[in-house]
Q: 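Take this structure first; my questions come after.
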Amino acid sequence: MQNTGTLIVKTSVILIFALLLFAPFLFQDVRSLEVAARICIFIVLVASFDLLIGYTGIVSFAHTMFFGFGAYGAAILLKTMGPGWTPVILGALAGVGVSLVFAIAIGLLSLRVKAIFFAMITLAAASVVLVLASQLSQITGGEDGIIYKAPDLFKPATKLLTDADGKVVRLWGVRLNGKLAAYYFVFFCALALFLVMLRFVGSPFGTVLKAIRENEARAEAIGYRVVAYRTAVFCLSATIASLAGTVYAVWLKYTGPDTALSFAIMIDILLMVVIGGMGTMWGAVIGAVLMILAQYYLRDLMGAASEAMTGIPLLPELLAPDRWLFWLGIIFILLVYFFPKGIAGTAMAWGEKA
Amino acid sequence: MPSPSLVTKDLTIRFGGHVAVNNVSCAFHPGELTVIVGPNGAGKTTYFNLISGQLTASSGSVLKDGTDITRMSPSARAHHGLGRAFQLTNLFPQLTVLENIRLAVQARSGDGWRMFRPVARMRALTQKAEHYLEATRLSGVAHQTAANLPHGDQRKLEVALLMAMEPDIYMFDEPTAGMSLDHAPDVLDLIAKIKADPTKTVLLVEHKMDVVRALADRIIVLHNGELLADGDPAEVMSSRIVRDVYLGTATEGAA
Amino acid sequence: MTALTTTLGRAGGVNLLPLAVALIAFVLIGAPSSWVTLTVAGLAMGMMLFLMASGLSLVFGLMDVLNFGHSAFVSFGAFVSASVLAGLGGWLAADSWALNALALAASYLAAILFGLIAGWFFETVIIRPVYRDHLRQILITIGAMIVAEQTILAFWGGTPYSVGRPAFLEGSWIIGDVSIEIYRAFAFALGVAVFVMLYLVLNRTRIGLLIRAGVEDREMVEALGFRVDRLFIGVFMLGSALAALGGAMWAGYETLITPHMGADLMIVVFIVVIIGGLGSIEGTLLGALLVGLMSNYVGFLAPKLALASNMILMVAILLWRPNGLRPAVK
Amino acid sequence: EDPIKIALVHGLSGSSFEAFSKQAQTGFELGIEYGTGGTNEINGRPIELIIKDTQFKPDVARAVLAEAYGDDEVLLAVGATSSGVTVGMLPIAEEYEKILIVEPAVADSLTGPDSNRYIFKTSRNSSMDMQAQALALNPDANLHVATLAEDYAFGRDGIAAFKSALDGSGAKIVTEEYVPQGTTDFTAYAERMFNALKDKEGRKVILIYIAGGGDAPGKIQAMEPSRYGIEISMGGHILPVLPTYKRFPGMEGAVYYYFEAFDNEVNAWLVEEHTKRFDSPPDFFTAGGMSAALAVVKALKEAPDYETDTLIETMEGMSWDTPKGKMTFRPEDHQALQDMLHFKIKVDDAVDWAIPEKVRIIPAEEMNIPIGRDNQG
Amino acid sequence: MSLLSVRNMKTDIGQYAVLHDVSFEVPEGGVFVLLGRNGAGKTTTLRSIIGLWKPSPGSVTFRGEDITALHTADIARKGIAYVPENMGIFGTLTVDENLILATRNGRFDAARLARIHDLFPALAQFRDKQAWSLSGGQKQMLSIARAMIEPRELILIDEPTKGLAPSIVDAMADAFREIAQTTTILLVEQNFAFARALGRDMAVIDDGRVAHAGSMDDFAADTALQDRLLSLSV
Ligand SMILES: Nc1ncnc2c1ncn2[C@@H]1O[C@H](COP(=O)(O)OP(=O)(O)OP(=O)(O)O)[C@@H](O)[C@H]1O
Ligand SMILES: Nc1ncnc2c1ncn2[C@@H]1O[C@H](COP(=O)(O)OP(=O)(O)OP(=O)(O)O)[C@@H](O)[C@H]1O
Ligand SMILES: [Mg+2]
Ligand SMILES: [Mg+2]
């Protein structure tokens, strides 16, 4: 039953995870590690959003809100209690708790209304939370956000392994220090959460979600309580987003509206899920990787291109690195236009025909 | 006669000023196949909707095996053993035929909330779904997307979904409408088989008189939302009133 | 309960909501002059929102196209008109009332013209492939919004752009302790004019019906002898032109504009359309007036709540009427 | 010789503030040019600027700053544009033990308890803005002020600084209004302030402290506060915004920089060169960028070696010349103390914008800027 | 000269060739019936005539004018009405609004409206009701009424009797007879009894080709032919 397209997609995803696993050793510069960690987090975030939009057909603009709850939960506690594992765990729990309360309230209140109204309600809720975060600056640090220290294990100065002289052991040129530990913390958390979600979508529960997306009334008629399932998946994806937020907060050691709550992140998530392909889980991985690479490297590439083009009229202007968002937007439109199923979806469908 | 499995008491629904189903009281029994006839707009589909829960009654009640289910959601009624196929094809279009049926099977078995077991490993579900595929002669297209099926096969899948729910009460709304002459018998055979089970109650809306004659144990006639006649097929069909409001004259022989 | 509903219905039903809100506010505020100032300002603010929302209401309510790019038309309208005003700075600064008005009219015309052309382009290139597909609409128009915002950034730069305003629209009329901003009165009049025009077009002609029918079953409308493609382009152009006009008007109100002004306004504009109910221009007006009044009253009575007032209003109304106040489509 | 690498880390895309970043970078380049006498070399080593974009995202900013320190091995970095992004960058400097010069982000907190000894700040902070603003009002017992600010840390801190500057002068705050960020309609708040002020005797002022758009001053002015004898006061702004100030002839306030107001050699060069090259006078982020560059140049010229600790030692307490006069890094929290401009708006039809004419320069010593942290301790 | 002639029409839907070679002539006046098994291509033929699919090659000529390349809307404006298989009802519009859209100038001709209300009383009863809430049969009636609300030259009707109660089918046969006196009807039908009662000329489509064309009387008499083409054996 596996066609070539699906095989290619799955192989690439496994390859991506393998690259992420060895990232600290393969790419030994600072930025690469940041990029790799961000990719890990966003894979989880995007996949959990895919549970909503791709599997169940729920359009929510509140996903970053849940991400933010998790991030702020850990951040606030790490700040007030000082570095350690207890605040991380308590923060994760608090984030999940708040997320669940919001998800249930929004879900029960408005999952019955028209899909588009639901989207708007989540948008409004998210924007209120965003402003609240900036107003409650005593707790949240306001616009400026909060900086704090991660558990000691993740300090760059921490030595995981020492040699005879008490110096950090290097493996293939990489120092086995706290930074590395932090990265693997992120990586394995992301991997675990992703695998859990894979499990979800393959389960009977996952098929019910698809049924609801396809034909809500009929799902109800054959005996599924649609509102209950919708609320459940909304809570589930909120929980996972919140956990991703906590992990990101631990990694970044900084949490602020722009890293955890802003609408820009929501748009990033949307772009990623669409570019990768909705309703596939694999697409989330591909989308997150491509988008984040673009965010971090497209600029540089364009700078080079723009320089190479000097002399030719107009082109250098358009290729000016600061206009990279312009090109991203155009690429995005073309993708939605020509590959409505995203990269993974298209590849898999293409394999079906072949 | 066993006690009725389904009873509607003074069942009524109004849409604005229009009364689409008006004080319909009727009891249905296991082992019996009742055909519901009536002119277009008589309220047959609406009556089904009230029983299966797509609409909620303005007044009156629906009882299943003595339990009042009038205010229950469609899903709750499905759990109480009411199953329904639709007049207009109503499937999960982007899922395969097998997945469509498996959804109904797993709704019945109550596995919908299991989140960690891969469906692929739940052999029992798949086997049961395959059983119904065979019963409806859809095995050949098991892995096709429902939307890509020819019209006739879509109608069969509609019936297969109902079968897989294994309800106590089967409701068919014009199951053979738009089905060509080589497909219809498959479906009619299935209905006949269900009818043969003494524990099952069958309700059938149908305009084709040959089908009605072949299957009906009992006919009820709806007109303007009211129950106009109820009884033995031959008797009802020959009554004047039914000829007047429903059959007309010219086409009787030809249909 | 039903008796109450029917009495209310006869008296004007939901149309009375703004009046009811105003009355309650009168009691709470106490100071009549403040109340009048706030009410007039709120109504005018509502009308300005209506101007921007009307285009969205058209394409979203009738054509069922969820255009997040609408905000781009608002921003573009603002920048185009501001540029024209800057270009006609001489006329604007002139001492002649007529020249001032001419400059203003020219700037609005430019915005409208731009809206028409951009709407045509947008419909043919961006929207046409995604009719009836909400999700792709959301996505593709978000993409378009990004591109449009970047284009504005490239053209006009990121610094706030200042907008000229004719002298006769500056200042306020002061009547006793009540102050009525002249610009708002002007916006109010413009809003009323647009409303009347739209109302006539949609209710006195078959256009409204055709659009809704065309959304539902395009082929059938064509089989009845209507060119749906042209109709849709027309509607879209009109919607975009209204957005651009709304943007131009808003630019004059704000006097300093940034490329993301449209995006900043989008949430409240969406709220207006949703409160009003899809597909009815009357509903949009009602929603806009309610939002305008509420934000002024709440801002005065309980500034702490101002932030959430729109949100609370929307949720309350959706709980009461899940389809909005006056939906044309159920 | 090895080049001296300096990273400029600013938001260059993704927000309309990117224009500010560009001003700051232009200013920085001009500063290097001026400071090195056009040679672009210090102690025989060429200066290499590495430009990084934060995209206005703190996480991106942290990554690119880490990259600058870790991979590009810059000596020091300058940035960033918005306070939130800059807060996120502070610990990176500490982690890599390299200097970060904050310019042009303003928040006081950047030199506060969350900051560290690797942070120097050449940009003015909110306290300076607001204290200067208070001083520009010439407060006395006759003065009644209503304040309008946005409801978040920036707004509330600003008003707090303003109030503390009024302390002891006898001036009274009659009401403090806080509006949600992004508010565009100020009628309700204006009514509240009018109601609070109108029956007071003496000088009545509405102080507006809103960084975002919305044009609160213009809208309140349109409601004619003058009928109650109420004046409006606010700080200065960048040139593109100054045209809107034409509606407030005679208004007094304080600002960080205006090109005509500062009379010194550096500023003269800056105005001349900028006008020549860009056909427009320098704006205030340009001046800021230049000040940062001049600080770097002076420190590099004076420091015996370029170890971070040596540099910190050199810079603590260092004074240097900038387009707006002498600045001094306060040793405790590394904030550069600087003069502010008390202006009065003059409208001249020949000039596109309203001119903030100099009333006087408020010397740094006159302001009592709270110390954010103590790097010495 | 015939009113409509279809010549060598070949229509592809996506990559599938549905019609291979369809030619027939519809004379002016009366009912012309197209018969054929499920999936034979009847609906596709009607859609190709009204321009919703574009045949290539092949031509459709209406009153001597080649309309093959015209836009559907322009074809409709030549006086051709279409009653599709799925009824094409605008559910969010009321019954009256559905009808008014089908009029040329946005106003009802009182006499025609009265005739329609006479024929389909349900449409009179539910004038202001949103059409989605009509019963299946009522929708079918509305769809036919839309074709009758204006004078037309030719009405294309796709399986009108599906899902209708026997008595309504009777009434509809009468209505068609009446319409056919002034307007030509091209009727696609599975219900052979109904078709036989109305049709004057007919054609059978099978597998995208015209398998037989001639007069209805001859066809009705030839049971062997019926058996072969329609598998109508009881
Ligand atoms: N949701 C609804 N809102 C308003 N009226 C409705 C609604 N549902 C059905 N009706 C009306 O109720 C009446 C009965 O409709 P119903 O669909 O039950 O008829 P039916 O007997 O199934 O007819 P058919 O044989 O044509 O399918 C019709 O007049 C229809 O217009
Ligand atoms: N949109 C489509 N895509 C692919 N194939 C199609 C499409 N529409 C029709 N077909 C195919 O074209 C063939 C002819 O279809 P058509 O609808 O014309 O048949 P018909 O004679 O009207 O049948 P019926 O009696 O079932 O209405 C069928 O095999 C059908 O599957
Ligand atoms: Mg029915
Ligand atoms: Mg057909």
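Naming: A, B, ... by sequence-line order, numbering from 1 per chain.
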Q: Below 4.5 Å, heavy atoms only, C-beta onward: do I146(C) and L328(A) meet side chain to side chain?
A: no
Q: Heavy-atom distance under 4.5 Å to chain A: side chain of V147(C), backbone, both or neither?
A: both
Q: Just how far is it from atom CG of L139(C) to atom CD1 of I53(A), taken to the nearest 0.5 Å?
A: 6.0 Å
Q: Locate the shortest heavy-atom distance separating M311(C) from I121(A); write the atom from each residue and the value.
A: CE-O, 4.4 Å
Q: For R38(A), is the CZ atom crowded, meaning more than 12 foreign heavy atoms sit under 6.0 Å from it?
A: yes
Q: Atom CZ of residue position F121(C) - does it have more than 12 heavy atoms of other residues, nucleotides or ligands inside 6.0 Å?
A: no
Q: Mind checking the CD1-CG spacing from I142(C) to L271(A)? Nearest 0.5 Å is all I need.
A: 7.5 Å
Q: Sort V268(C) into side chain, backbone, both or neither according to what part of it lies under 4.5 angstrom from a heavy atom of chain A.
A: neither
Q: At a heavy-atom separation under 4.5 Å, does I267(A) approach chain C through its side chain, its backbone, both, or neither?
A: side chain
Q: Quick one: are the ring centres of F68(C) and F61(A) less than 6.0 Å apart?
A: yes
Q: Could you tell me which non-hydrogen atom of F326(A) sits nearest to which non-hydrogen atom of T151(C), and how far apart they are?
A: CE1-OG1, 3.5 Å
Q: Between CG of N310(C) and OG of S127(A), what distance do you get to the nearest 0.5 Å?
A: 9.5 Å
